[in-house]
Colleague: 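Mind looking over this structure? Questions follow.
Lettering follows sequence order; numbering is per chain, from 1. If you're wondering where the values come from, they're calculated on a predicted model, not measured in any experiment. Below, all heavy atoms of this structure are taken into account, side chains as well, without hydrogens, waters or symmetry copies.
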Amino acid sequence: MQRESLNIMIGGEAGQGLVTIGQILAKALVRSGYWIVVSQSYMSRVRGGHNTFTIRASAQPLDGPREGVDLLVALNQETLDLHQGELAPGSRVLADRGLSCAAAPCLNVPYAELAEERYLNTVAVGVAGGLLGLAPGLLQELLSAQLHKLSDQVKAENQQALGAALAWLKKQPHDFAPLPPAKEQGRRLMLSGNEAIALGALAGGLKFLAFYPMTPSTSIALTVIAQAQKMGVATEQAEDELAAVNMALGAAYAGAPAMVCTSGGGYALMTEGLSLAGMSETPLVIALAMRPGPATGLPTRSEQGDLNFALYGGHGEFPRAALTPGTVEECFAAGARALRLAEDFQTPVFILTDQFLADSYRAVQPFDLGAIQPVRPGGLEPGPDYQRYALTDSGVSPRALPGFGPGLVVADSDEHGQDGHISEDLALRVVMQDKRLRKHKGLQEAVWPPVFSGPEEAELLLVSWGSSRGPVAEAARGLAAQGRQAATCHFGQVWPLDPAQFLERFQRAGQVVVVEGNAGGQFAGLLRRETGFAAHRLITRYDGLNFTPEYILRQLAE
Amino acid sequence: MQRESLNIMIGGEAGQGLVTIGQILAKALVRSGYWIVVSQSYMSRVRGGHNTFTIRASAQPLDGPREGVDLLVALNQETLDLHQGELAPGSRVLADRGLSCAAAPCLNVPYAELAEERYLNTVAVGVAGGLLGLAPGLLQELLSAQLHKLSDQVKAENQQALGAALAWLKKQPHDFAPLPPAKEQGRRLMLSGNEAIALGALAGGLKFLAFYPMTPSTSIALTVIAQAQKMGVATEQAEDELAAVNMALGAAYAGAPAMVCTSGGGYALMTEGLSLAGMSETPLVIALAMRPGPATGLPTRSEQGDLNFALYGGHGEFPRAALTPGTVEECFAAGARALRLAEDFQTPVFILTDQFLADSYRAVQPFDLGAIQPVRPGGLEPGPDYQRYALTDSGVSPRALPGFGPGLVVADSDEHGQDGHISEDLALRVVMQDKRLRKHKGLQEAVWPPVFSGPEEAELLLVSWGSSRGPVAEAARGLAAQGRQAATCHFGQVWPLDPAQFLERFQRAGQVVVVEGNAGGQFAGLLRRETGFAAHRLITRYDGLNFTPEYILRQLAE
Amino acid sequence: MVTSEDYGQFETAWCPGCGNFGILKALKQALAASDLAPNQVLLVSGIGQAAKTPHYLRCNCFNGLHGRSLPAATGAALANPELKVVVTSGDGCHYGEGGNHFLAALRRNVDLTVLVHDNQIYGLTKGQASPTSLEGMHTKAQPDGVHSYPFNPVAVAVSCHAGLVARGYAGEVEHLAGLIQLGLAHRGLALIDILQPCVSFNKLNTYQWYGQRVYKLGAEHDPGDWEAAIKLSYEFGERIPLGVIYENQRLAFQDHYSVLQKGPLARQAVDHGILAQVMEGFF
Amino acid sequence: MVTSEDYGQFETAWCPGCGNFGILKALKQALAASDLAPNQVLLVSGIGQAAKTPHYLRCNCFNGLHGRSLPAATGAALANPELKVVVTSGDGCHYGEGGNHFLAALRRNVDLTVLVHDNQIYGLTKGQASPTSLEGMHTKAQPDGVHSYPFNPVAVAVSCHAGLVARGYAGEVEHLAGLIQLGLAHRGLALIDILQPCVSFNKLNTYQWYGQRVYKLGAEHDPGDWEAAIKLSYEFGERIPLGVIYENQRLAFQDHYSVLQKGPLARQAVDHGILAQVMEGFF
Ligand SMILES: Cc1ncc(C[n+]2csc(CCOP(=O)(O)OP(=O)(O)O)c2C)c(N)n1
Ligand SMILES: Cc1ncc(C[n+]2csc(CCOP(=O)(O)OP(=O)(O)O)c2C)c(N)n1
Ligand code: SF4
Ligand code: SF4
Ligand SMILES: [Mg+2]
Ligand SMILES: [Mg+2]
């Protein structure tokens, strides 16, 4: 039996190192030419509990995760107990000798015999890698890379453990059906959504990042910080989110393209600064990685519940844009694009992601950096008569940087005149508010259009934004396989909307179903508000998990 | 010539005491049986600049302000220069001797001769009061009340100044047409919108108030604070708005019905706490007095620009209600009502007001306090098995207070079980989120229905929320006078909406015009989102001033 | 007689070996020794590993937002003066996100017992520097080392004339329980900054590191002597004093409120008669 | 040579007699005496009467949010090390709404000159207590008097080892100008807490009140002596010292950033070649 795709789940307690096992296996799969989609599920604790790292792999391109487990690498009995119900036909379990599983054939690995306890992870990599048919040399190489900072002895003992695992496996009779060999794919990166946002932002010209740690956004910051020196970026962990956003605004004003990253509660604290970005016309990128709320909610899980808050957060009215990447490639593009939009329109721009996509590793073709023009603010020298808020048709005033010329750059949080100085002239207020709001048109013209796929005249049109893109694409494929005329439409940007890009096709579709990870149908509400179009149906999810095609199909079948 | 209503404007610098003059005249008018609507316009400074206090008075009930000035009490030349264009036919100007006005007959008051400079305000009260035909005894009485804390000598000198002013006026030939005498009205209060919110909240059972000063919300807090000891309310000026909202939540949890008051930027800082109110199911009233944004904007002016932010502020999804009083009576009712809703549904409730209504004094019939049942939280003793978040059909769990019984009251910001303890059970998450969101239905059933007036089958239906109620009512009256079939619909509560209460009538109307004080048409957008109904037309205002009937009629005529 | 067992025994989500276990134990002991029953006690916390504490003992609990435990506790204390309000959160919560509330609470001298589980790191978010992290400490978020001067909570608390200021150590449970008991007995804000090893992320300030440095203050130190306290509060290096560093008898914040003399606000009926009198002022 | 006149003369929205006028004058003098041209200087402020200052002199200006001037200034200073960044806001802004940023900025020791117009009141919002209001002061918002212990910014700054800590007085313009000039010259955070009479709302801490108490520190005080500085920082009562209370030579925050050695970030081109190398780590 050969499979179209394979789900490998590594499960155990926090602190058992399952992410390390998962990353090595995932990278080995990518290097071997497979496509992957990783889903990580973890609890809000550092040790104990129950976490999983699941890799879906295929020799064909993949759009999203699937349910079911084909290979379960169980680091403890709890993993077996919790996940045996998900085991698919033909699946196998890898577990330590003492552990037992009724639902599927179990390879009981004699971990203790094969290596010291602290090399358990390495043994697991070896056995699982072997079962998956991954080349031993590749596993060795990735293991060394993983261990590059450690002592020679530790390295050697690890390689020994790997060898022992592979040798042991060879002697085990098993008929686990691996994936078909993959085509040679050339070199590809393995990136999570958050890493891609960070790298995209660096490609786009990021020069300043401030943040306050908050799951699931922190890895954006850590990715930037790790490269900050090399890339010439100034970063700072702020004392709170209020500081983070105001630092970013100060930096952006002074010429450093700036980003903050945060999650719901931290974003709440940034909304006053968001409004200041709107008023002071300071470029600002906010990467908002969503998790289930309200309040602290489920801090390590996924949700798309903060769309409304992103669109309407901040007091008063001002233009903004919201990018909602659905793939890791789109995350990278969004990182660069957000900086460009923020700079070109001098206003805040969101990148909305969620825990699922943030932590989801994928195989990605190398990016064409040459196609990205990094932002360079303040080409203009402030001349002696420079006016920061000069009136223009587009609403965008030529931007100059303080200290870069003889003139002065005056930015203000109060209503102000073209020169930036505080004013209580009420007629001027209207002129300046109209100026700022005019930028909406430019943002709308620059919008990333939604991406349709599938038949023009669809019986069913599944609409996604953000991370539901992949599951929706897979669900549509499933529907097509059932012979249904299913199309998809993905919004990689949800604001502004340009109805000309989609409305007519929505109106033509038999049934329009919006698929989004919240309870309220926030995007569906936005569509109706902006176009009058009421989606025929809503598929929501708010249990902290990402969508899967199976979930969507089940809902549709109800 | 006798007038239907009269506009009295007092203008001068901040620090010249024009509010004192205005308040005494306004109260004298109220005591004399007139109806009043006050509009205050002031700058963000303590001394200097240009402020006005305008009283519209009539022997008939009034709904809102009007443009034009019939009596201009000018405390400086600037007032004359700025406002002479607004002088109506038959108007008069009161000004000091040196000042001049070309546009209308000017009574040049010899202030320096009539009293010492520091009694200028008293002289102005005397002359203006005399012109308005107010009883000297009444003016004397109100002046004493105003001065009750001062020395006998100062009191005597003030009364002397008043007498001198009245005597001087008697000798001046003038044909200023005052208002017709008013009917005896019984005792009425003179209250501003903010005072009414505060008193309404006290009537409704307010026991705790935390705030951080912010125009135009501060007077709500100051009104409560002035009565706190008497009414048994604990109040505190917090170190910031983050503290204010979290103090209120702690107090509410522990059994004190609690309110915060703030304006846009301060509210932004409260949105994280708002979300906590939603998650922890803690009653919370937020009085949000709006002013033009974004950011600091125009801190002392009016706008209705934060509706979206009130409705969608806070991360995650949770139920809420938003009251939008349009009159001072509604402000009082909203103060009490908000506490009731917050307690009954254990969720945040907004009172949205704006600078215009906040500072607008009106004549108000005494309230029937007997009709208000003050909130008394925690009738329930926590028994040994008390569960703070017990599941119910309504979504509302019986609330008990910590320390009031043997059981324990556990409130949590994380997702939690019925017992309040943190949980990462994802199925439970859905159960609890559904429980919380079910409260929306109860809130919807309890909604204040919109108030229609005018013909059932209207050619034109003017829709208002919040402070635009009065101007819209007056505009409709103007249209009716022109023979047009104009009706109005006022939303004293904008969330939840129950379309059954209005949609059919909207659909029947010839043209539905939403009148709101922002640029984006936020309520119109909400209507469309929730009902699909797209208003035919939008009348907006965002120059910092309130609506007037004239403004609305001009816009309609365009 | 209340015993430690009345406060129950629960599974925690903490790492084995974490200093929080010692603090939890000491807290239960102190509550029992103070003869406080679970339903008389309110534990207020923020978010973090430390802030999970209220879920691990039987008591009333308001587990609020990261950094905002002090305002919530202040509100609760002003609503019901009969509750014994204890605040328990991390260094990140109190001195980072909540720094402004920390200053304000000290200055108010709210009658609260404030336990800061000071592990000099952000534990729950996996090991970034906290305000008390020492200069030069390396983390993934501070790969070049911490550049800020460490926050000295004890010094700032003494300088703001907080009611009682003490330092404890999670490795000295009995001593810590004693300090918490003193804190519970003190009327006014009692800050107990507790050195708390984080075995997962703080590889610098370990049990060994603390063990080599801490010493217990003896009778030679007079906590009533503010100048001595100020001086002592700066001792944090080769030697770290444990014990009560400062104590005064300033009026507790609650005691300024006459309404609180009448007990919990929820028990005081709203008097519409008085409100009617108040309204008289507006006629 | 830059002169005070280069900084212009503008109409203000302040009350006649306000202490802010003296501060504005001293600031202009100090900038001129430091030979800083308006386009080299960035004034960052929050919201309040004090925070309007940047509108009243010719210079670059970022007038941000109430309480958030320090983070904005920190960001600007990290983006362009060639700007001379001066922060000017009120006591409410810095010690109230922005208290947490104040602590963090002191600990970072960002190279900023921070002027706090300390009128011990909220001026712009018409007279509520500020963190530095003295206990017992009555206002409409505190009709029973202020209950909190007043915040001592100087003591907290010294305790956090801020670079330079000084106190000035709006009534002593020349002396204040000298302090600001020292602050501008100091590399690191220079806090200048400035006693500023508010003639409209603070009827307690008047010109007369301050005048009777202030005295200028002489050579007998060594700002390098931290212990002496700590002690002196608590002197605020019958006598109030003016002058530099503390100064150290800690590395300024910016000096930890190697990227800033290369000048303003806006002048440094993004190197996609290096990024391509970085990407190698992800293959
Ligand atoms: C507003 C906000 N920002 C960030 C977070 C994420 N967060 C949770 S715990 C924590 C730090 C915890 O550190 P500390 O308070 O020292 O507690 P510890 O885990 O070390 O006990 C952070 C940053 C949050 N929950 N809310
Ligand atoms: C978030 C926020 N809260 C409140 C306000 C209102 N506000 C403006 S200025 C001010 C206080 C000003 O006091 P201070 O900083 O001492 O300055 P001063 O006017 O005394 O110079 C306040 C509370 C605001 N602008 N923003
Ligand atoms: S991460 Fe540190 S503080 Fe958190 S539980 Fe583990 S050891 Fe304790
Ligand atoms: S209110 Fe006070 S601080 Fe503000 S300008 Fe007037 S005197 Fe100065
Ligand atoms: Mg910690
Ligand atoms: Mg002040």
Colleague: Once rounded to the nearest 0.5 Å, what's the spacing between atom OG1 of B/Thr223 and atom CD1 of B/Ile225?
Modeller: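 Answer rounded to 0.5 Å: 9.0 Å.
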Colleague: Can you tell which part of C/Ala269 gets under 4.5 Å to a heavy atom of chain B, answering side chain, backbone, both or neither?
Modeller: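 Both backbone and side chain of C/Ala269 come within 4.5 Å of chain B.
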Colleague: Non-hydrogen atoms of chain C under 4.5 Å away: do they reach the side chain of B/Ala203, the backbone, both or neither?
Modeller: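 For B/Ala203, backbone and side chain are both near chain C.
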Colleague: Working to the nearest 0.5 angstrom, can you tell me the gap between C/Asp91 CG and C/Glu97 CD?
Modeller: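 Going from the CG atom of C/Asp91 to the CD atom of C/Glu97 covers 13.0 Å.
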Colleague: Relative to chain B, which segment of C/Arg107 carries a heavy atom at a distance below 4.5 Å: side chain, backbone, both, or neither?
Modeller: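 Contact with chain B is absent: no heavy atom of C/Arg107 under 4.5 Å.
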Colleague: Given heavy-atom pairs under 4.5 angstrom as the criterion, report whether the side chain, backbone, both or neither of B/Arg388 touches chain C.
Modeller: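 Contact with chain C: none, neither part.
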Colleague: If you count heavy-atom pairs within less than 4.5 Å of chain C, which of B/Gln229, B/Lys230, B/Arg188, B/Glu195 leads?
Modeller: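 That would be B/Arg188.
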Colleague: Looking at chain C, which one of B/Met190, B/Gln227, B/Arg187, B/Lys207 has the largest number of heavy-atom pairs inside 4.5 Å, strictly under?
Modeller: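 Going by pairs under 4.5 Å, I would pick B/Arg187.
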Colleague: Are the aromatic rings of C/Phe10 and C/Tyr56 close, with centres under 6.0 Å apart?
Modeller: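 No - the distance between ring centres of C/Phe10 and C/Tyr56 does not fall below the 6.0 Å cut-off.
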Colleague: In terms of heavy-atom pairs under 4.5 Å with chain C, which of B/Leu249, B/Ile372, B/Asp240, B/Thr235 leads?
Modeller: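 Most heavy-atom pairs under 4.5 Å with chain C: B/Asp240.
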Colleague: Could you list which of residues 271-283 of chain C have a heavy atom closer than 4.5 Å to any heavy atom of chain B, in residue-number order?
Modeller: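 Checking residues 271-283 of chain C against chain B gives C/Asp271, C/His272, C/Ile274, C/Leu275, C/Ala276, C/Val278, C/Met279, C/Glu280, C/Gly281, C/Phe282, C/Phe283.
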Colleague: Can you say whether B/Leu206 sits under 4.5 Å from chain C via the side chain, the backbone, both, or neither, judging by heavy atoms?
Modeller: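 For B/Leu206, there is no contact with chain C at all, as no heavy atom is under 4.5 Å.
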Colleague: Can we call the ring centroids of B/His416 and B/Tyr389 under 6.0 Å apart?
Modeller: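 Close enough - the centres of the two rings lie under 6.0 Å apart.
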Colleague: Tell me, for B/Leu401 versus chain C, whether the close heavy atoms (under 4.5 Å) come from the side chain, the backbone, both or neither.
Modeller: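 Contact with chain C: side chain only.
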Colleague: Using only heavy-atom distances, determine whether the side chains of B/Asp412 and B/His421 contain a donor-acceptor pair under 3.5 Å.
Modeller: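 Looking only at side-chain atoms, B/His421 and B/Asp412 do not form any donor-acceptor pair under 3.5 Å.
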Colleague: Pairing donors with acceptors under 3.5 angstrom, does anything connect the side chains of C/His101 and B/Glu239?
Modeller: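 Yes, B/Glu239 and C/His101 have a side-chain donor paired with an acceptor closer than 3.5 Å.
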Colleague: Using the ring of each side chain (for Trp, its six-membered ring), is C/Tyr95 parallel, tilted or perpendicular to C/Phe151, with breaks at 30° and 60°?
Modeller: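 Tilted: the ring planes of C/Tyr95 and C/Phe151 meet at 30° to 60°.
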Colleague: Which answer fits C/Gln40, side chain, backbone, both or neither, if we ask what part of it has an atom under 4.5 Å from a heavy atom of chain B?
Modeller: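 Neither part, no heavy atoms under 4.5 Å.
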Colleague: Between C/Phe62 and chain B, with a heavy-atom cut-off of 4.5 Å, which part of the residue counts as in contact: side chain, backbone, both or neither?
Modeller: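 Contact with chain B involves both backbone and side-chain atoms of C/Phe62.
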Colleague: Verify salt bridge (Lys or Arg N to Asp or Glu O under 4.0 Å) between B/Glu141 and B/Lys27, making sure each step is shown before the conclusion.
Modeller: CA-CA 11 Å; B/Glu141 188 188 328; B/Lys27 200 155 233 182; over 6 Å; no
Colleague: Which of the residues B/Val375, B/Asp419, B/Asp414 is involved in the greatest number of heavy-atom pairs with chain C at under 4.5 angstrom?
Modeller: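 Heavy-atom pair counts peak at B/Asp414.
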Colleague: Heavy-atom distance under 4.5 Å to chain C: side chain of B/Val233, backbone, both or neither?
Modeller: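 Contact with chain C: backbone only.
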Colleague: Going by distance alone, is a donor N or O of one side chain under 3.5 Å from an acceptor N or O of the other, for B/Arg362 and B/Ser360?
Modeller: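 Judged by distance alone, the side chains do pair up.
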Colleague: Examine whether an atom of B/Thr282 lies under 4.5 Å from a heavy atom of chain C, and if so say whether it belongs to the side chain, the backbone or both; otherwise answer neither.
Modeller: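 Contact with chain C: side chain only.
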Colleague: Pick one: which of C/Thr113, C/Leu115, C/Leu27, C/Asn60 meets side chain to side chain contact (heavy atoms under 4.5 Å, CB included) with C/Leu43?
Modeller: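 By the side chain to side chain contact (heavy atoms under 4.5 Å, CB included) criterion, C/Leu43 pairs with just one of C/Thr113, C/Leu115, C/Leu27, C/Asn60: C/Leu27.
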Colleague: At a 4.5 Å cut-off on heavy atoms, which part of B/Ala228 comes close to chain C: side chain, backbone, both, or neither?
Modeller: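 For B/Ala228, backbone heavy atoms alone lie under 4.5 Å from chain C.
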Colleague: If I take atom CG from residue C/Leu70 and atom CG from residue C/Leu191, how far apart are they, to the nearest 0.5 angstrom?
Modeller: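 Interatomic distance, C/Leu70 CG to C/Leu191 CG, rounded to 0.5 Å: 9.0 Å.
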Colleague: Is it true that the side chains of C/His117 and C/Ser89 contain a donor and an acceptor less than 3.5 Å apart?
Modeller: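 No, no side-chain donor-acceptor contact under 3.5 Å.
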Colleague: What part of B/Tyr386 is in contact with chain C, defined as an atom under 4.5 angstrom from a non-hydrogen atom: side chain, backbone, both or neither?
Modeller: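 Interface part for B/Tyr386: neither.
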Colleague: In sequence, state the C-alpha distance, the side-chain angles, and the governing distance for C/Glu5 and C/Lys28, and then conclude on salt bridge (Lys or Arg N to Asp or Glu O under 4.0 Å).
Modeller: CA-CA 8 Å; C/Glu5 284 67 46; C/Lys28 288 187 198 171; over 6 Å; no
Colleague: Heavy-atom count check: over 12 atoms from other residues, nucleotides or ligands less than 6.0 Å from C/Gln9 CD?
Modeller: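 No, because the 6.0 Å sphere around CD of C/Gln9 holds 12 heavy atoms or fewer from other groups.
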Colleague: Heavy-atom distances under 4.5 Å only: say whether C/Pro264 touches chain B with side chain, backbone, both or neither.
Modeller: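 Only the side chain of C/Pro264 comes within 4.5 Å of chain B.
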Colleague: Hey, are B/Asp359 and B/Ser192 close enough side-chain-wise for a donor-acceptor pair under 3.5 Å?
Modeller: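 Short answer, no.
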Colleague: Which bit of B/Leu191 is near chain C, if near means a heavy-atom gap under 4.5 Å: side chain, backbone, both or neither?
Modeller: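 The side chain, not the backbone.
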Colleague: Hey, are B/Tyr253 and C/Asn80 close enough side-chain-wise for a donor-acceptor pair under 3.5 Å?
Modeller: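 No pair is found: no donor N or O on one side chain lies under 3.5 Å from an acceptor on the other.
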Colleague: What part of C/Leu103 gets within 4.5 angstrom of chain B, counting heavy atoms only: side chain, backbone, both, or neither?
Modeller: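 For C/Leu103, there is no contact with chain B at all, as no heavy atom is under 4.5 Å.
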Colleague: Can you say whether B/Ala243 sits under 4.5 Å from chain C via the side chain, the backbone, both, or neither, judging by heavy atoms?
Modeller: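 Its backbone and side chain both get close to chain C.
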